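To start, the structure under review is shown below, and the notes come after it.
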2 protein chains.
Amino acid sequence: MATIYEVSKLAGVSLATVSRVINNNAPVRQATRDKVEAAMRELGYRPNSAAQSLASQRANSIGILVSELHGPFYGVLLSRIEDEFRRAGKHVIIAAGHSDEALERESIEFLRSRNCDALILHVEAVSDEYLIELAADGCAFVLINRMVPQLADRCITLNNHHGGYLATRHMLEQGHRAIAYISGPMWKHDARERYKGHQQALAQFGVSENPALFFEGDFHETSGVEGLTALRAGAATFTALVCANDEMASGAMTAAHDLGVQVPQQLSIVGFDNVNFAHYTHPKLTTIDYPIGDIAQMAARWVLRNVYQHTNVAALQAVFEPKLVQRDSTCLLTAL
Amino acid sequence: MATIYEVSKLAGVSLATVSRVINNNAPVRQATRDKVEAAMRELGYRPNSAAQSLASQRANSIGILVSELHGPFYGVLLSRIEDEFRRAGKHVIIAAGHSDEALERESIEFLRSRNCDALILHVEAVSDEYLIELAADGCAFVLINRMVPQLADRCITLNNHHGGYLATRHMLEQGHRAIAYISGPMWKHDARERYKGHQQALAQFGVSENPALFFEGDFHETSGVEGLTALRAGAATFTALVCANDEMASGAMTAAHDLGVQVPQQLSIVGFDNVNFAHYTHPKLTTIDYPIGDIAQMAARWVLRNVYQHTNVAALQAVFEPKLVQRDSTCLLTAL
DNA sequence: GCTATAAATGAAAGCGCTTACATAATAGGC
DNA sequence: GCCTATTATGTAAGCGCTTTCATTTATAGC
């Protein structure tokens, strides 16, 4: 592999000049630039990024930590982030934290040891304190889908509370009053928020809560099956079911089918996230749209602006609003 | 950020010794090691990976190029690769080629300029010649789901031909003889192979091909809708439909539903890939399982073994076999 | 043509590590 | 205890770039 030195020799200029045309960060006469570029082409020169990083104290890489790499959700996230950074000539290093505290910490350390200029974190298990300490330690990062008040300026979130509210209000507006709820794990912040929104909608319509209509799942499909089964076996009847994400809604739909319960005629179901498979379900799932792609892009822009000092990026937005996507899994409470 | 120099001073040893305990590649007395480790801990030392790469001529990073980052398929791929490399202390840089030749080339250049030790490529648009040249240029890479004869030792593939054969044979065994086929774009190697398998099965059962039963789609869901619609409007009738991937099968199922055709009673449908949403469809999709996770892991191991000289990795396997996953979208040809 | 100023280029000192190679410490054989 | 064979540690030369500072060259004003 040719080095900058060979290029400079072939072009008959100094190392510094070659570096200037590579980085385009200082005036170089056109004739000189042409000579250098010709030399680079002739040698098939490609800058050594390790040397660049070492000398410039810039890695031009951004670490991304998500819970899982597979799944409909994170793919979109990664895709948008990569897209945005590629355009800026940065690259993306990925890691998975699997919603496990130790793994999340280890992954963050891993990414830091890679000298990433910034991190984009979608973490669930580490504590607020850990993140605050991380920030104090000088690590540049932005948080997706998590609000830590002391770090508010680096949090990009969805209004989960409002999303939960919208889902349940939709059911209420359709005439339902007996509304069951399958939650995500309550130790997760977004699960709690969504549930609070649910409560708010109920309160607004004067419907009192019934513990027999609540089931705590784990955001996976199987807990949707378990949830509906358990709720049906419970003390209360219901005509609508709000699920805190689409996976569980899908599981609930399968369970309903197996129990001979018609969706939506006998049971309306709403999900949350609007992941790509939501319209593969039968009936197609009514859900709350989570604009994860937009959020991801915003996180990338936050980095471009705050870490790389790009001034031409669009204004930053910290909170995104979910919206209802009405499909075929919910209907008016009529014949029961 | 503390440097190795400060660690060495605090521990009262030389730079070289610190380096040795970091890399654990030369004998160091336990007492010395302890001193160094204590010093590292005290200073919160983390090696600078750019400096390591520069000095060692090893980036410890692997570039992954896939067509898309989102979608059910690549998520699994990335997940398994990341997993495997993380364990080995390597990191993964990702890029998307979007099935576009220029973009694929550019992405490869991008990854190379990042000095990746190796690349794992899932490319569709670049030519065999380009890849051969790339190999001749000394670039270490492994190819997923693509067979270039001259590069056979670095190709890890699925037996697409056999997969296509299995799908159609399944239909034939169920008694179907009028079998339509929705293909992927025929410029893609895997699409062609799957179709050849289909042809082989037909031939084996003595069924002659009918051009009116063939539709070339683009592997996306919408072309499944278009495909079924066009085939139904065509000159021939059929009781079974083989789709070259699950997305198109899902589109075909939607179209069937809209056309009032019952699946599988009136029309059996089989897909290909067994992506995660295949069991969200209604009825659940019978399909051909593509063990993409295993293939991805194998690619990672190829790199570990051939690039990093890890000798303890399990034996390499170049060709993976697909298998039929029978669910609810196909049935015996009985009442028609 | 001569100076004052600005623009373009060059020289050289690192960036933080790895790794020959040289040297020092330790262990083993007698 | 002495010599040799190991084993452990230190010295120092890069790895390929960026960047400050000094120097040269061009531009303009008179």
Side-chain angles (χ1 to χ4, degrees), chain A residues 1-40 43-61 89-91 112-117 308-309, chain B residues 1-40 43-61 89-91 112-117 308-309:
Chain A
M1 192 67 230
T3 72
I4 199 175
Y5 175 70
E6 299 167 44
V7 173
S8 77
K9 241 173 56 176
L10 181 60
V13 300
S14 71
L15 295 182
T17 301
V18 178
S19 173
R20 285 178 189 117
V21 354
I22 292 170
N23 295 295
N24 200 29
N25 57 3
V28 175
R29 198 174 322 164
Q30 190 57 44
T32 313
R33 181 183 301 275
D34 292 344
K35 272 193 303 185
V36 172
E37 281 171 350
M40 294 201 298
L43 294 169
Y45 171 75
R46 219 176 306 119
N48 179 316
S49 66
Q52 287 181 312
S53 296
L54 182 57
S56 68
Q57 310 283 32
R58 268 274 133 97
N60 284 319
S61 68
K90 317 289 180 200
H91 74 253
R112 291 188 81 188
S113 79
R114 244 60 209 193
N115 296 101
C116 294
D117 297 327
Y308 294 113
Q309 268 75 44
Chain B
M1 193 66 233
T3 71
I4 199 175
Y5 175 71
E6 299 166 44
V7 173
S8 77
K9 241 172 58 174
L10 182 60
V13 299
S14 72
L15 295 182
T17 300
V18 178
S19 174
R20 283 176 191 119
V21 353
I22 292 169
N23 296 294
N24 199 31
N25 56 2
V28 174
R29 197 177 321 166
Q30 190 56 46
T32 314
R33 181 183 300 276
D34 291 345
K35 271 193 302 184
V36 172
E37 280 170 351
M40 295 202 298
L43 293 169
Y45 171 76
R46 218 176 304 119
N48 179 317
S49 66
Q52 286 181 312
S53 296
L54 184 58
S56 67
Q57 310 285 29
R58 268 275 133 99
N60 284 320
S61 68
K90 318 290 179 200
H91 74 253
R112 291 188 81 189
S113 78
R114 244 60 209 195
N115 296 100
C116 293
D117 297 328
Y308 293 113
Q309 268 75 46

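A, B, ... follow the sequence lines: proteins, then strands. Residue 1 opens every chain. Below, all heavy atoms of this structure are taken into account, side chains as well, without hydrogens, waters or symmetry copies. This is a predicted model, so every value here is computed, not measured.
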Send over the distance from [X] [atom1] to [N] [atom2], rounded to a whole Å.
X	N	atom1	atom2	answer
A:Ile4	D:dT19	CD1	C1'	12 Å
A:Asn48	D:dG14	CG	P	17 Å
B:Leu15	D:dT9	CG	C1'	12 Å
B:Asn24	D:dA8	CG	P	12 Å

Select from B:Pro27 and B:Ala51 the residue whose nearest nucleotide in DNA chain D is closer to the 5' end of that strand.
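Residue closer to the 5' terminus by nearest nucleotide: B:Pro27.
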
Report the residue (B:Gly12 or A:Leu54) whose heavy-atom-nearest nucleotide on DNA chain D is the more 5′ of the two.
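The residue closer to the strand's 5' end, by nearest nucleotide, is B:Gly12.
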
How long is the gap from [atom1] on [X] to [atom2] on [Y], to the nearest 0.5 Å?
X	Y	atom1	atom2	value
B:Ser19	B:Ile4	OG	CD1	5.0 Å
A:Ser49	B:Leu54	OG	CG	10.0 Å
B:Asn115	A:Asn48	CG	CG	4.5 Å
A:Glu6	A:Met1	CD	CE	9.0 Å
B:Arg29	B:Asp34	CZ	CG	12.0 Å

Reading DNA chain C from 5' to 3', where do the contacts with chain A start and stop? Cut-off is 4.0 Å to heavy atoms.
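Listing 5' to 3', DNA chain C meets chain A from C:dA8 to C:dG16.
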
For B:Arg29 and B:Gln52, take the nucleotide of DNA chain C holding the closest heavy atom to each; which residue's nucleotide lies nearer the 5' end?
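Checking each residue's closest nucleotide, the 5'-ward one belongs to B:Gln52.
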
Would you mind classifying the nucleic acid contact of [X] as base, sugar-phosphate or nothing, using non-hydrogen atoms under 4.0 angstrom?
X	answer
A:Thr32	sugar-phosphate
A:Thr17	sugar-phosphate
B:Ser19	base
A:Val18	nothing

Applying the side chain to side chain contact (heavy atoms under 4.5 Å, CB included) criterion to B:Arg20, which one of B:Thr32, B:Asn25, B:Val13 satisfies it?
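The passing option is B:Asn25.
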
Using the side-chain hydrogen bond (donor to acceptor under 3.5 Å, both in side chains) criterion, which residues pair with A:Arg46? Sequence neighbours excluded.
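A:Arg46: side-chain hydrogen bond (donor to acceptor under 3.5 Å, both in side chains) contacts with B:Glu109.
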
For D:dG10 and B:Ser14 - does any side-chain N or O of the residue sit under 4.0 Å from the phosphate oxygens OP1/OP2?
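Checking D:dG10 against B:Ser14, a side-chain N or O does come within under 4.0 Å of OP1 or OP2.
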
